[in-house]
Amino acid sequence: MGDVDERRAGRQLELIGEALGAAGETGAELWLRGGWAVDFTLGRVTRDHGDIDWFTWAEGAEALARELIRLGYTEVAGPPAELQRDFAKDGLESSFTLIDRDHLGRIVVAGAPGPAPRGRRTCSTADREGSAG
């Protein structure tokens with residue numbers, strides 16, 4: 001891992017496992033995003049990470065939050081709760097951006113105002129339509 005803080009990275013990897021376990025207990029679906037998603041894709045830890053970023057469906061967020069709290073996480077202040085839920089455990093943060101579907105069935109950040117701005121790709125349409133975006 002080079003000059004990566006191996007102890008911190010190891011603890012974050014444990015927390016990733018805990019979050020996935022909490023998701024399994026509650027039926028929530030989780031997707032890593034950000035730096036940890038890149039590292040999992042590459043199959044190695046490339047750098048220190050300030051936090052662990054996730055996507056999860058808004059409809060399962062409350063049950064997931066209750067399970068994380070049961071496991072010793074503390075919910076911390078952050079963006080509005082209808083957009084993102086933030087938690088800390090052992091001084092390490094995990095952020096769960098909430099997703100939903102808009103009236104056209106596109107995946108969007110839950111609770112975000114209005115339609116996606118012109119030119120912004122959504123998660124579901126660009127690749128399906130072959131758009132180079």
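This is a predicted model, so every value here is computed, not measured. Scope of the values below: all heavy atoms of this structure, side chains included, with no hydrogens, waters or symmetry mates.
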Participant: Is a donor on one side and an acceptor on the other found under 3.5 Å between the side chain of Arg85 and the backbone of Ser94?
Facilitator: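 Absent.
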Participant: Atom OH of Tyr73 and atom CG of Leu15: how far apart are they, to the nearest 0.5 Å?
Facilitator: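 Here the interatomic distance stands at 4.0 Å.
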Participant: Any chance you could measure Thr74, atom OG1, to Asp90, atom CG, to the nearest 0.5 Å?
Facilitator: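 Between Thr74 OG1 and Asp90 CG, I get 9.5 Å after rounding to 0.5 Å.
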Participant: Can you check whether Trp36 reaches Asp51 side chain to side chain, under 4.5 Å on heavy atoms?
Facilitator: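 Contact flag for Trp36/Asp51 side chains = no.
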Participant: Could you tell me which non-hydrogen atom of Val108 sits nearest to which non-hydrogen atom of Arg101, and how far apart they are?
Facilitator: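 Minimum heavy-atom contact is CG2-C, 4.3 Å.
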Participant: Should Leu104 and Ile107 be regarded as members of a common hydrophobic cluster, given that ILVMFWY residues are connected when their side-chain heavy atoms come within less than 4.5 Å of each other, either directly or indirectly?
Facilitator: no
Participant: Aromatic rings Trp54 and Phe96: how do their planes relate, parallel, tilted or perpendicular, breaks at 30° and 60°?
Facilitator: parallel
Participant: What's the shortest heavy-atom distance between Ala58 and Ala110, and which atoms?
Facilitator: CB-CB, 3.7 Å
Participant: Return the set of residues passing salt bridge (charged side-chain N to carboxylate O under 4.0 Å, His left out) with Arg44 (not counting sequence neighbours), or none when no residue passes.
Facilitator: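 Scan of Arg44 (salt bridge (charged side-chain N to carboxylate O under 4.0 Å, His left out), adjacent residues dropped) gives none.
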Participant: Can you tell me how far the CG atom of Asp53 sits from the CH2 atom of Trp31, to the nearest 0.5 Å?
Facilitator: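 Reported value, rounded in 0.5 Å steps: 15.5 Å.
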Participant: Consider only side-chain heavy atoms of I, L, V, M, F, W and Y, link residues closer than 4.5 Å, and tell whether Leu71 and Leu20 are in one cluster.
Facilitator: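 The answer is yes; both residues are in one hydrophobic cluster.
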Participant: Do you know the tightest heavy-atom contact between Asp86 and Pro79?
Facilitator: OD2-CD, 3.4 Å
Participant: Applying side chain to side chain contact (heavy atoms under 4.5 Å, CB included), run through Glu18 and Glu67 and close with a yes or a no.
Facilitator: CA-CA 10 Å; Glu18 280 186 17; Glu67 182 64 11; over 6 Å; no
Participant: Find out if a path of hydrophobic residues (ILVMFWY) with successive side-chain heavy-atom gaps under 4.5 Å connects Ile52 to Phe40.
Facilitator: yes
Participant: Just checking Glu59: does its CD atom have more than 12 heavy atoms from other residues, nucleotides or ligands closer to it than 6.0 angstrom?
Facilitator: no
Participant: Run Arg11 and Arg7 through side chain to side chain contact (heavy atoms under 4.5 Å, CB included) and show every step you take.
Facilitator: CA-CA 6 Å; Arg11 186 64 187 124; Arg7 185 171 178 224; 5.9 Å; no
Participant: When you look at Glu25 and Arg70, which way does the salt bridge (Lys or Arg N to Asp or Glu O under 4.0 Å) test go after all the steps?
Facilitator: CA-CA 12 Å; Glu25 287 294 316; Arg70 190 188 71 73; 5.8 Å; no
Participant: Are Ile69 and Leu64 co-members of a hydrophobic cluster defined by side-chain heavy atoms under 4.5 Å apart?
Facilitator: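 In one cluster: yes.
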Participant: For the atom pair NE2 (His49) and CG (Asp39), what is the distance rounded to the nearest 0.5 Å?
Facilitator: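 So the NE2 of His49 and the CG of Asp39 are separated by 3.5 Å.
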Participant: Going by side-chain contact (heavy atoms from CB on, under 4.5 Å), Phe55 matches just one of Leu30, Leu98, Ile99, Leu32. Which one?
Facilitator: Ile99
Participant: How far apart are the C-alpha atoms of Leu92 and Arg8, what are their side-chain angles, what is the distance that settles it, and do they pass the side chain to side chain contact (heavy atoms under 4.5 Å, CB included) test?
Facilitator: CA-CA 9 Å; Leu92 300 171; Arg8 179 182 174 89; 3.2 Å; yes
Participant: According to side chain to side chain donor-acceptor pair (under 3.5 Å), who are the partners of Asp48, at least two apart in sequence or on a separate chain?
Facilitator: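 Scan of Asp48 (side chain to side chain donor-acceptor pair (under 3.5 Å), adjacent residues dropped) gives none.
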